[in-house]
Novice: 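Below is one structure. I have some questions about it.
In what follows, chains are A, B, ... by sequence order, proteins preceding strands, each numbered from 1. Keep in mind the model is a prediction, meaning the values are calculated, not measured.
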There are 2 protein chains.
Amino acid sequence: MKKTTIAVIATNAGVSKSTVSHVINNTRYVEEKTRQRVLDVIEKYNYRPNKLARSLALNQTHTIGLILSDISNPFYHQVIHGVEECAYQNNYIILLFNARYDLARTQDYINTMIDHQVDGIIIMASSLSEETLFALQQSKLPAVIVDHPYPASDNSASIIIDFQTGIKEMVQSLVSAGHTRFAHITSTDNLWTSRMRKEIFLSELNSAGITHDKVDIINGNMHIDGGRDAFKQIIAKNEKPTSIFAVNDLTALGVLFEAQNLGFSLPTDFSIVGVDDIHLCLDVKPSLSTIALPCYEIGINAMTMLINILQNKNDVTEIIIKSRYIQRESSDIKFIPD
Amino acid sequence: MKKTTIAVIATNAGVSKSTVSHVINNTRYVEEKTRQRVLDVIEKYNYRPNKLARSLALNQTHTIGLILSDISNPFYHQVIHGVEECAYQNNYIILLFNARYDLARTQDYINTMIDHQVDGIIIMASSLSEETLFALQQSKLPAVIVDHPYPASDNSASIIIDFQTGIKEMVQSLVSAGHTRFAHITSTDNLWTSRMRKEIFLSELNSAGITHDKVDIINGNMHIDGGRDAFKQIIAKNEKPTSIFAVNDLTALGVLFEAQNLGFSLPTDFSIVGVDDIHLCLDVKPSLSTIALPCYEIGINAMTMLINILQNKNDVTEIIIKSRYIQRESSDIKFIPD
DNA sequence: CTGTTAGCGCCTTCAG
DNA sequence: CTGAAGGCGCTAACAG
C-alpha cells in the first residue's frame, strides 16, 4: 500500500502539488471551488502532511528542546506545565530530556537536540559544565537558560532567580526569633545553583551577625533520601543546630521525615526550611516553610522568551524572578529550640 | 555563514557525497586513507549530519512517542526512566507527551506524533477513547499499549497489569483481620484502569463474603487533593468504613494527610491502601500499604517490545505483569478499627 | 488564479 | 574502491 503524499492528493484533485500545499498552509489565494475539491480529496484519503519533509524544506522544525536536571522533582512539573502550555498554544512541540544531574549526559542530549534540528532550547539543569555552555554559545542555537549564568546575545536569554530576597527574609526571621546555630544541606558544589544558594545563605547569616563557624554544611543529593542521611549526620554532632536550611524542598522533606522517624518533633526541636514550594509542602505535617519560586510562570516566561528570540523580537534578554520566604509550621518562630 | 552540509565536506575532502555518507554510516568499505581524510574534514568543520534529512531519506526517525496521563505522578517517573534507559541504549529518542487525563488532548498528541513520523508509540494513559484506539489501530503505527485492552497484531503489543492478584491478597488480609466495612476511592469511570481496579476490588470483596452495600464508592481525581476531599466525604457518612482502598498511592496519601490533619490516627481508626508503590509510601508515617507494580520493568519491557516490533521480531505480543500486595503500617492487621 | 521547477540534506542503486 | 544521479515529501520563487 502506497503512502499518501502531497503528490497523490494533487493528482486526485487534478491540480498541482503547489496548489495543494497552498490550500494546506493557507499561503496564497486558491479559488474556492478547487480549494474545496482539494480539501475533499485530503479528507477522503485522510491525508496528513509529513512534518519531516516540511521541516527540511522550511529549515525549521517547530520543535524546541527542554533539558531538566531531574524529572522526578515536583518542582519541575509546574515548570514543564508552563512551558508545555505555551508551546501548545504556539504550535511548538517539546523534546524533553532528563539530564539526571549528569554533566556528560547533558552535553550528549544537547547535541542530540541539535542533530534533530530543534529550533531552540530551554535549559533548566544545574548540571552544566563550562565547556557545554561554551559549545552551546558557539553553536548560535537560540537558547533560554534558567538559573545559570549565560552571556546574553541576539539568540539567547536568561531567567535569573533572585534567591537573595527570599533567603534574606528567612534569615532575618530566624535570627530575630533567636536562632543562633544553623546547618545547611547543600548538594554538591558542581551544581551551580546549589553553590549559589549556599553562598547567599552564608553571606546573609554573616550580615545578620552569625559567623561561619556557627554554620554546619552537609552534603545531600537534592532528593528525599539525601535529606534523611544529612539529618542523621547533623544529629550525630556535638553542637546541634536549631535551624536547618535545605537546598530544596525534597531535601527538606527528607529531614522532616527522618526527624519524625527518629522521634524528634518539629519545629520545637529543629526548624527546617526548603526551596521551591512544591505542593507537598502543604501536605506534610508540620507544613514545610520554603523559599518559594513561581514555577509555572518561570515555564511560561522561558517559552515566551524563546519564541521571541525565534521571531527576532527578543527585546528583553534577561528576566529576574524574585523568590520569597514563606513561613509555615516547620519554622514557626514561636518555637525556639533549646 | 553557510551551513555545513555533507556536500561541503565532500568538496573539501575531494570526494563525492556518497563517500562521505558511507564513512559516516560505515556502510561500505572506504580506503583507509580517504576515510581518514574525510574524518579530518568532518572534525575540522565540526560537522554533524542533519537527522531530519536522514530520516526523510530513510523513512525512519529513530524517534518514539511516549504518552502518559500525568507526568506529575511519581509512578511514571520510574516508568519513564525505564523507557528512557532502553531507548538511550538503542539509540532512540523520546517524544514525551503529557495527556493530563484529557481524552481530546491525548488524541491530539497521537496525531502530532504521527505527523512527526515517530517510528512507534508507547501509550500509558488511562484517558483513551475507543475512537482514538480505533484510529491508532487503523494507522498501523507500531504501538505498545500499557494497562489498556488493545487488539494484538503484527505491529502492536500490550502490557497487561494483573491487578487481581494484588487486590485479592489485600482483601483476604483485611477481611481475615476482621474488617467488614470498606470504602473505595476511585477516579472516574472514564478511565479504564480505575474502573477495572474498582470492579476487581468489588468482586474480590464479594468472593470474601462482603456484599456491595457494605462498600462505599467515592470519586477522587488520582491526586492528593482528590484523596483529601474523598476522605472528608467518607467521614461525613453515618456508617464509616474501617478500611479504605484508593485507586492509586497519591489518592491514598491524600487520605492519610487529611486524616492526620483532622486528628485521626492510622491505622487504628482506618486502614488505607493505595496502588503503585511510589517512593513516598516509605517516607510517610505510617508507611503506606500498597498494591505494588514493578514500574521500571514496565518501562523497560514496553520499550523492548516496541523495538522488537520495529525490527519485525515481535514474537511476544502480550506480557502480563503481576501486582502484589505490600502490607505496611497503614494497614497493619494488628489494628482493627472499632 | 495556478503550474513548473528547483531545491532542503541525506541515502542508495547503479555503473565504472 | 568510488562517483553520478535520482529520490524521500514538501515548499517557494518564477512564470504565465
Side-chain angles (χ1 to χ4, degrees), chain A residues 1-39 41-42 45-63 91 93 112-119, chain B residues 1-39 41-42 45-63 91 93 112-119:
Chain A
M1 185 183 113
K2 192 103 186 49
K3 203 184 264 179
T4 134
T5 74
I6 203 173
V8 349
I9 301 297
T11 313
N12 277 273
V15 295
S16 74
K17 292 194 295 171
S18 69
T19 298
V20 178
S21 172
H22 283 122
V23 337
I24 292 175
N25 301 302
N26 244 303
T27 168
R28 87 176 171 196
Y29 191 83
V30 175
E31 205 188 359
E32 190 50 33
K33 223 182 69 187
T34 60
R35 214 181 88 82
Q36 210 35 257
R37 193 148 32 93
V38 171
L39 253 22
V41 180
I42 286 180
Y45 278 78
N46 219 291
Y47 165 73
R48 314 202 100 227
N50 181 332
K51 296 259 188 201
L52 231 55
R54 179 164 214 274
S55 297
L56 186 60
L58 290 181
N59 193 28
Q60 62 150 309
T61 56
H62 257 246
T63 300
N91 246 289
I93 199 183
T112 306
M113 291 183 168
I114 296 180
D115 292 349
H116 281 260
Q117 312 294 117
V118 295
D119 291 345
Chain B
M1 186 182 112
K2 191 106 186 52
K3 204 185 259 175
T4 133
T5 75
I6 202 172
V8 349
I9 302 296
T11 312
N12 278 274
V15 296
S16 73
K17 292 195 293 172
S18 69
T19 298
V20 177
S21 173
H22 283 120
V23 336
I24 291 175
N25 302 302
N26 243 306
T27 168
R28 87 176 170 194
Y29 189 82
V30 176
E31 205 188 358
E32 189 50 32
K33 220 181 73 188
T34 62
R35 212 180 90 82
Q36 210 35 258
R37 195 148 32 94
V38 171
L39 252 24
V41 181
I42 287 181
Y45 277 76
N46 219 291
Y47 166 73
R48 314 201 100 227
N50 181 333
K51 297 257 188 204
L52 231 56
R54 179 165 214 273
S55 297
L56 186 61
L58 290 180
N59 193 26
Q60 60 150 315
T61 55
H62 257 246
T63 301
N91 245 290
I93 198 182
T112 306
M113 290 181 168
I114 295 180
D115 293 348
H116 280 261
Q117 311 295 117
V118 295
D119 291 344

Novice: Consider the side chain of A:Arg28, meaning its heavy atoms from C-beta on, and name the nucleotide among C:dC8, C:dC10, C:dT2 that approaches it most closely.
Specialist: C:dT2

Novice: Please tell me if B:Tyr47 has a side-chain N or O lying less than 4.0 Å from either OP1 or OP2 of C:dG9.
Specialist: no

Novice: Kindly point out which of D:dG9, D:dT11, C:dC10 is positioned nearest to the side chain of A:Asn50?
Specialist: D:dG9

Novice: Between residues 14-25 of chain B and DNA chain D, which residues have a heavy-atom gap below 4.0 Å?
Specialist: B:Gly14, B:Val15, B:Ser16, B:Ser18, B:Thr19

Novice: Tell me what A:Ser55 touches on the nucleic acid: a base, only sugar-phosphate, or nothing, going by heavy atoms under 4.0 Å.
Specialist: nothing

Novice: Could you please name the option among C:dG3, D:dC1, D:dT2 that lies closest to any side-chain atom of B:Tyr29?
Specialist: D:dC1

Novice: Please tell me which of B:Leu58 and B:Glu31 maps to the more 5' nucleotide of DNA chain D, matching each residue to the nucleotide holding its nearest heavy atom.
Specialist: B:Glu31

Novice: Please round to 10 degrees the angle between the axis of the first five pairs and the axis of the last five pairs in the helix from C:dC1-D:dG16 to C:dG16-D:dC1.
Specialist: 40°

Novice: Do B:Ser16 and B:Thr19 have side-chain heavy atoms sitting under 4.5 Å apart?
Specialist: yes

Novice: The side chain of A:Ala57 lies closest to which of these nucleotides: D:dC8, D:dT11, D:dT2?
Specialist: D:dT11

Novice: Whether the side chain of B:Thr4 engages the backbone of B:Tyr47 through a donor-acceptor N/O pair (distance < 3.5 Å, no angle test) should be reported.
Specialist: no

Novice: Given B:Val23, which partner from the list B:Val15, B:Val30, B:Thr34 fulfils the side-chain contact (heavy atoms from CB on, under 4.5 Å) test?
Specialist: B:Val30

Novice: When you get a sec, tell me which of C:dG9, C:dT12, C:dC8 is the closest nucleotide to the side chain of B:Thr27?
Specialist: C:dT12

Novice: Would you say the side chain of B:Ser55 lies within less than 4.5 Å of the side chain of A:His116, judging by non-hydrogen atoms?
Specialist: no

Novice: Looking at D:dT2, C:dG9, C:dC10, which one has an atom nearest to any side-chain atom of B:Val30?
Specialist: D:dT2

